[in-house]
Each structure stands twice: as structure tokens, then as C-alpha cells.
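Notes for the one structure printed next.
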Amino acid sequence: MTRKQRYQYVIEYFKKNAPDAETELIYDNPYQLLVAVILSAQCTDKRVNLTTPAIFEKFPDVASLSQTDFEELFPFIRSISYPNNKTKHLIGMAKMVMDDFKGEIPMTVEELIKLPGVGRKTANVITSVVDQQPNMAVDTHVYRVSKRIGLVPQTASTPLAVEKELIKNIPTELVHRAHHWLILHGRYICVARNPRCEVCGLRKICQYFHKLNGGIPFD
DNA sequence: ATCCCGAGGG
DNA sequence: CCCTCTGGAT
């Protein structure tokens with residue numbers, strides 16, 4: 001099976017069997033989305049949603065967030081992974097937006113990754129969701145699933161390499177939906193440990209499944 | 001007990 | 001490339 005055929009198969013599958021999201025990050029504007037995504041590392045959306053309302057009430061915009069300090073913000077972040085780092089990142093991010101970007105959250109990947117706490121994955125989320133740019137955020141789910149089902153060569157060993165490969169092969173108009181599909185498939189079916197291959201409609205073309213089963217297809 | 005929905009730093 | 005940060009989910 002060629003790579004192109006593989007993509008066609010996977011896209012057709014997801015078009016017919018789009019996974020449903022149980023929880024999504026809750027936000028009203030780009031500022032809130034940026035804060036939520038920074039907080040989401042190694043943490044469920046559900047838990048992030050539990051903490052953000054209080055943060056958004058106390059700090060309704062970048063300007064107010066830029067004026068707080070560690071002691072004031074930390075309690076809001078306390079129950080999320082890496083609270084020390086994330087508290088510093090949020091304040092640093094807000095200060096830089098005020099000082100270097102005139103209080104407006106920048107909307108290019110190159111500018112966004114200059115912000116503390118914002119790496120390539122976060123920058124791709126912001127630009128694609130807020131500005132509909134055809135960017136692919138490669139988090140651990142997208143990375144794992146893409147490699148398992150063979151959308152990218154096994155030699156693609158970094159998130160950036162996987163991102164380039166996916167962007168090269170997925171039609172621009174489908175990038176946003178494909179991102180969603182891969183995330184949710186990874187979150188609910190193709191989980192890191194003990195993937196639920198028995199309920200996965202992609203196992204027929206899945207290299208990882210075949211490897212787990214000694215190269216013998218399930219059906 | 002062990003793993004996990006990134007980023008920064010050495 | 002490796003390590004660290006960390007609480008919560010399971």
C-alpha cells in the first residue's frame with residue numbers, strides 16, 4: 001500500500017467515523033485559548049476547564065495578567081501539572097505580549113514561539129484555531145497515531161518532522177479536521193498503553209497492530 | 001506504582 | 001540529545 005493510498009484510506013475512514021470529543025478546552029477569545037493551551041501540558045482538558053474560569057474572572061485580559069505576580073497567580077494553577085513553570089510562563093507571556101506586541105497576541109507561529117511557555121505545538125494550535133491557518137499541531141497523540149498507522153515514516157523522529165510530513169500529504173482544506181481526528185483517535189482509541197485495537201476501524205492498515213500480532217492482520 | 005494531551009534548559 | 005518540572009488519573 002502506497003503512502004498516498006494510506007492517507008486516502010484514513011481520511012475516508014474518519015469522514016465516516018469522526019470521533020466525538022468528550023471534553024474540549026473552554027474559551028471565549030484568543031487570550032483565553034492561549035492561557036488554556038499553555039496550561040494543558042500533561043493535563044486533561046477537563047482539569048484545565050476546572051481552573052480557567054477563576055483565572056479569567058480575576059484576569060480578564062492580557063493586560064491584567066501581565067500585572068500580577070507569582071504569589072497571586074500560583075494558587076490558581078496549584079492543582080495542574082507543573083504549576084511553578086506554568087505560573088511563570090503565563091506571567092512572562094503576558095508581559096511580553098504587552099511589551100513586544102502592543103498588547104495584541106501575535107498570530108504567526110514565528111512570533112508566538114517567542115512567548116514564554118509557547119512552543120511549536122501551542123503556536124500551531126493558536127494560529128489554526130483562531131486564524132484558520134493550515135497548521136498542524138503535533139502533540140503526543142498526533143505523533144503516536146501518525147507513526148502507528150503509517151502516515152509518516154518511522155524515521156520521522158521529532159514532532160517537527162511528523163508535522164512537515166503530515167502537512168505535505170494532507171489536503172489544505174482538511175488539515176484542521178484531520179488534526180481533530182488524530183487527536184481524538186489517540187485520546188480514546190489509540191491510547192499510549194494498551195491501545196484499543198479491538199474497536200479500531202483502522203487496524204486493517206495499521207502497521208503497529210500488525211506488528212503486535214506477529215504480522216497477521218486481524219480480519 | 002506508573003504513566004501522561006510540552007516547554008525550557010544543559 | 002538528554003533531563004527536569006509536577007499533580008492527577010488509573
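Every chain is numbered from 1, with letters handed out A, B, ... down the list of sequences.
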How is [X] classified with respect to the nucleic acid when contacts are heavy atoms under 4.0 Å: base, sugar-phosphate, or nothing?
X        : result
A/Arg187 : base
A/Asn85  : base
A/Val142 : nothing
A/Pro159 : nothing
A/Leu184 : nothing

Any chain of hydrophobic side-chain contacts (each under 4.5 Å) joining [X] to [Y]?
X        : Y        : value
A/Val62  : A/Leu25  : yes
A/Val138 : A/Leu112 : no
A/Ile126 : A/Val142 : no
A/Leu73  : A/Val37  : yes

How many angstroms lie between atom CD1 of A/Ile167 and atom CG of A/Asn135, to the nearest 0.5 angstrom? 6.5 Å
Would you please indicate yes or no on a ring centroid separation below 6.0 angstrom for A/His185 and A/Phe14? yes
How far does the [atom1] atom of [N] sit from the matching atom of [M], given to the nearest Å?
N     : M      : atom1 : value
C/dT6 : B/dG10 : P     : 16 Å
C/dT4 : B/dC3  : P     : 16 Å
B/dG9 : C/dG7  : C1'   : 22 Å

Regarding A/Thr23 and A/Asp45, do their side chains bring together a donor and an acceptor under 3.5 Å, going by distance alone? no
Reading DNA chain C in the 5' to 3' direction, which nucleotide is the first one with an atom under 4.0 Å from a heavy atom of chain A, and which is the last? C/dC5 to C/dA9
Would you say the side-chain atoms of A/Tyr188 pair up with the backbone N or O of A/Ile183, donor to acceptor, closer than 3.5 Å? no
Judged by each residue's nearest nucleotide on DNA chain B, which is more toward the 5′ side, A/Arg193 or A/Ser40? A/Arg193
Both A/Thr122 and A/Gln42 contact DNA chain B. Which one's nearest nucleotide lies toward the 5' end? A/Gln42
Nt span of DNA chain B in reach of chain A heavy atoms at under 4.0 Å, 5' end first, is B/dC3 to B/dG8
Would you call A/Glu163 and A/Arg120 a salt bridge, taking side-chain N to carboxylate O under 4.0 Å as the test? yes
Per nearest nucleotide of DNA chain C, the residue lying toward the 5' end, A/Lys88 or A/Ser157, is A/Ser157
